[in-house]
A.B. asks: 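Quick one: the structure is below, questions incoming.
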Amino acid sequence: MKKLPEHVDFIVVGAGVAGLRAAIALAEAGKVLVLAKQELTESATQYAQGGIAVALSDEDEISLHLQDTINAGDGIVNVDAARVLVEDGPERIQELIDWGTQFDRSGTKLTFTREAAHSRDRILHAHGDSTGREIGRALHAKASSLKNILLSEFEFTAGLHVESGRAGGVELISGKGDLHLVSSSAVLLATGGAGNVYSNTTNPAVATGDGVAMAYAAGAEISDMEFVQFHPTALYLKNAPRFLLSEALRGEGAVLRNAEMIRFMHKYHDMAELAPRDVVARAIAHEMEVSRLKDPVVYLDMTHLKEDHIKARFPRIYATCLQHNVDITVDQVPIRPAAHYLMGGVRTDLLGRSSLPGLYAAGETACTGVHGANRLASNSLLEGLVFGARAGHAMRECLTGKHTASGHLPIQPAPGSKSTGVEPFIREVQQIMWNKAGIVRSRQSLDEAMQQLQTLTERLPLPSSRRNCEARNIHTSALLITRSALARLESRGAHYRTDYPAHDDVRFKKHSVVTAKDVRFE
Ligand SMILES: Cc1cc2nc3c(=O)[nH]c(=O)nc-3n(C[C@H](O)[C@H](O)[C@H](O)COP(=O)(O)OP(=O)(O)OC[C@H]3O[C@@H](n4cnc5c(N)ncnc54)[C@H](O)[C@@H]3O)c2cc1C
């Protein structure tokens, strides 16, 4: 394994779609160090199934993609950011194709499918349901071909190095528990989401809110944390991960049945199973609650669909479920909603700049406001590409050639030390968040969550190992979500409160900004 340099021009924390795309943009300007805390291939990007949205088909228009994005965001999409997303999108996708991404085609023509809340067929996919893996493969190949990019896996970023009010490096714990300080002209956080704040999530284990927690600790502004998207349909089996069962299955005709095997979605929305994600997730949560079962589930039924078509269109879903002894073409598939995507994050402008000089963010870690209160399906891979590239270009302006980060490391190294109690601590946070700050919230449940999270602060593990740092980051992210959810006295998008079930456009058609002092809306 190569020894890490002490100084580089740019640091990119994260090797998903946003981090890799930013690194490619940066490589023309200087040396780039890309860090991943596990294998380079372990990221949400790798698990993205459905596809990537882009207005490229003959029947589509950029203005329609913009309108659909704005509609999904429920009144608070940053329209400038959304315009950038849809306008830059086609060029970024063409670039991906030029770098070898194999999107599915019919003959020579790209095939586009439709997902909920899109008014046109505009979702590109690869190998049926392995879109993220194919995009990640092509970006990784491109980045590996550029001599200015050093890709380094199993390097855990524990904190940001801030000197004279400027981010100028990162503090790392290697796989062996060694500490390093690496300095740079600018740092990009592209650490993905925070699904592991909740006990049920579709996210991989690496999604522990590290970027948001590090930026918050360094004093950067954090925005819209109350908006967590819950995916309605994740496989629910004991001892199996909450594997995502793509929305596209319902698009192809799969239906939902409650514990009594009765279809129920038409009671909740005219579009039944194709209603917006938050509506479907709440309907499932309600059906589970009224079933009064100890371990409630609902079922996804696609037994009436053509077996060959399901196997060809969703090969990865079919194979993964089969590994858990569920044949989706003949069995009723037990499912529950699960935390899926964080709309909030490190507040950035259209160039990925955070409020802290020298610190940038892109992808799921960032909050440009592009998704508003609810993300339109398949817009997040595109966001990573578009805003990753923009952040990379903007960071080039920071190049000083002077890297001065030095001094002590605030984390306490304890290589090899056992993190006693850290797993129960994490599970407690996850359970609190699932039960009290999840799909359906109220003043009472959020107050209880807040109180319990504050009590847990006394048992916060020391930042002495990677896992302890993750536990602290999960706890910080949980507090930021809960504080923001308490402050937003309305329901909007993915944030639903039973005590304030309607919009309050006068006070809250705004973005929240959470700081150590308060939560403000602007
Ligand atoms: C199951 C699933 C299906 C999805 N399907 C779709 C879809 O079809 N279409 C779509 O548009 N979106 C989809 N999404 C969402 C989308 O995949 C993600 O939002 C997007 O890939 C995030 O990309 P990213 O680059 O921001 O982060 P990620 O791809 O999650 O990458 C994060 C990187 O940061 C690194 N990292 C994290 N913390 C640290 C640390 N402390 N130190 C060092 N490195 C760190 C990780 O190792 C990883 O390399 C899906 C998500 C999931 C979970």
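In listed order, ligands and their atoms are each counted from 1. Positions are given from 1 along the sequence.
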A.B. asks: If you have a sec, work out which protein heavy atom is nearest atom 43 (C) of ligand 1 and how many Å separate them, to one decimal?
C.D. replies: Glu155 O, 3.3 Å
A.B. asks: Does Arg375 reach ligand 1, in the sense of a heavy atom lying below 4.0 Å from it?
C.D. replies: yes
A.B. asks: Which heavy atom of the protein is the closest neighbour of atom 15 (C) of ligand 1, given with residue, atom name and distance?
C.D. replies: Ser380 OG, 3.4 Å
A.B. asks: Just to be sure I'm reading this right: ignoring hydrogens, which of Val17, Thr191, Leu20, Leu172 gets closest to atom 32 (C) of ligand 1? Compare them by their nearest heavy atoms.
C.D. replies: Thr191
A.B. asks: Hey, is ligand 1 close enough to Leu382 that some N/O pair sits below 3.5 Å?
C.D. replies: no
A.B. asks: Which protein heavy atom lies closest to atom 6 (C) of ligand 1, and at what distance to 0.1 Å?
C.D. replies: Ala48 CB, 3.4 Å
A.B. asks: Can you list the atoms of ligand 1 that are under 4.0 Å from a heavy atom of Ser378?
C.D. replies: 9 (N), 10 (C), 11 (O)
A.B. asks: Please check: side-chain N/O of Thr365 versus main-chain N/O of Gly192, any donor-acceptor pairing under 3.5 Å?
C.D. replies: yes
A.B. asks: Taking C-beta and beyond as the side chain, do Pro232 and Asp278 meet within less than 4.5 Å on heavy atoms?
C.D. replies: no
A.B. asks: As an exercise, identify every atom of ligand 1 less than 4.0 angstrom from a heavy atom of Leu35.
C.D. replies: 44 (N)
A.B. asks: Under 4.0 Å from a heavy atom of Phe156: give me the atoms of ligand 1 that qualify, with their elements.
C.D. replies: 41 (N), 42 (N)
A.B. asks: Just to confirm my output: which protein heavy-atom neighbour is closest to atom 41 (N) of ligand 1, and how far is it?
C.D. replies: Asp210 OD2, 2.7 Å
A.B. asks: Which of the numbered atoms in ligand 1 are under 4.0 angstrom from any heavy atom belonging to Gly363?
C.D. replies: 26 (O)
A.B. asks: With a cut-off of under 6.0 Å to the ring centre and 45° to the axis, is Arg375 in cation-pi contact with Tyr341?
C.D. replies: yes
A.B. asks: Taking N or O atoms only and a 3.5 Å limit, does Glu364 qualify as a polar contact for ligand 1?
C.D. replies: yes
A.B. asks: Please tell me whether Glu226 and Ser512 have a donor and an acceptor in their side chains that are separated by less than 3.5 angstrom.
C.D. replies: yes
A.B. asks: Would you call Lys31-Asp9 a salt bridge at under 4.0 Å N-O?
C.D. replies: no
A.B. asks: Using non-hydrogen atoms of the residue, decide whether Thr131 is closer than 4.0 angstrom to ligand 1.
C.D. replies: no
A.B. asks: Please write down residue, atom name and distance for the protein heavy atom closest to atom 7 (C) of ligand 1.
C.D. replies: Gly51 O, 3.5 Å
A.B. asks: Hey, does Ala190 sit under 4.0 Å from ligand 1 if you only count heavy atoms?
C.D. replies: yes
A.B. asks: Any idea which protein heavy atom is nearest atom 31 (O) of ligand 1, and the distance to it?
C.D. replies: Ser43 CB, 3.4 Å
A.B. asks: Near Asn203, which atoms of ligand 1 are under 4.0 Å from a heavy atom of that residue?
C.D. replies: 53 (C)
A.B. asks: Do any pairs count as a salt bridge (charged side-chain N to carboxylate O under 4.0 Å, His left out) and have a residue in residues 205-218, sequence neighbours left out, and if so which ones?
C.D. replies: Lys37-Asp210
A.B. asks: Identify, for atom 44 (N) of ligand 1, the protein heavy atom at the shortest distance, and state residue, atom and that distance.
C.D. replies: Lys37 N, 3.1 Å
A.B. asks: Can you check whether His371 reaches Asn379 side chain to side chain, under 4.5 Å on heavy atoms?
C.D. replies: yes
A.B. asks: Can you tell me which residue and heavy atom of the protein come closest to atom 46 (C) of ligand 1, and the distance to 0.1 Å?
C.D. replies: Glu42 O, 4.1 Å
A.B. asks: In the structure I gave you, are the side-chain heavy atoms of Arg250 and Val280 within less than 4.5 Å of one another anywhere?
C.D. replies: yes
A.B. asks: Are Phe230 and Tyr198 close enough that their ring centers fall under 6.0 Å?
C.D. replies: yes
A.B. asks: Salt bridge or not between Asp68 and Arg122? Use side-chain N to carboxylate O under 4.0 Å.
C.D. replies: yes
A.B. asks: Are any of the N/O atoms in Gly19 less than 3.5 Å from those in ligand 1?
C.D. replies: no
A.B. asks: Considering the heavy atoms of Tyr341, write down every atom of ligand 1 situated less than 4.0 Å from one of them.
C.D. replies: 19 (O)
A.B. asks: For a 4.5 angstrom cut-off between non-hydrogen side-chain atoms, does Leu256 reach Thr233?
C.D. replies: yes
A.B. asks: Would you check the N or O atoms of Thr45, main chain and side chain alike, for any that come under 3.5 Å of an N or O of ligand 1?
C.D. replies: yes
A.B. asks: Please report whether ligand 1 has a polar contact with Leu40, defined as an N or O pair separated by less than 3.5 Å (distance criterion only).
C.D. replies: no
A.B. asks: Is there a nitrogen or oxygen of His340 sitting under 3.5 Å from a nitrogen or oxygen of ligand 1?
C.D. replies: no
A.B. asks: Aromatic ring centroids of His125 and Phe112 under 6.0 Å?
C.D. replies: no
A.B. asks: Under 4.0 Å between a Lys/Arg side-chain N and an Asp/Glu carboxylate O for Lys142 and Glu95?
C.D. replies: no
A.B. asks: Any side-chain heavy atom of Asp129 within less than 4.5 Å of one from Ser246?
C.D. replies: no
A.B. asks: Near Ala36, which atoms of ligand 1 are under 4.0 Å from a heavy atom of that residue?
C.D. replies: 43 (C), 44 (N), 47 (O), 49 (O)
A.B. asks: Evaluating non-hydrogen atoms only, which member of Gly159, Gly384, Gly192 is closest to atom 27 (O) of ligand 1?
C.D. replies: Gly192
A.B. asks: Can Ile52 be said to touch ligand 1, with heavy atoms closer than 4.0 Å?
C.D. replies: no
A.B. asks: Pairing donors with acceptors under 3.5 angstrom, does anything connect the side chains of Thr202 and His340?
C.D. replies: yes
A.B. asks: Taking side chain to side chain donor-acceptor pair (under 3.5 Å) as the definition, give me every residue that meets it alongside Glu273, ordered by chain and number, with sequence neighbours left out.
C.D. replies: Arg263
A.B. asks: Pick one: which of Arg466, Arg472, Arg467 meets salt bridge (charged side-chain N to carboxylate O under 4.0 Å, His left out) with Glu470?
C.D. replies: Arg467
A.B. asks: Under 3.5 Å between any N/O of Ala15 and any N/O of ligand 1: does that happen in this structure?
C.D. replies: yes
A.B. asks: Please could you name the atoms of ligand 1 that Val13 approaches to less than 4.0 Å, counting only its heavy atoms?
C.D. replies: 42 (N), 43 (C), 44 (N)
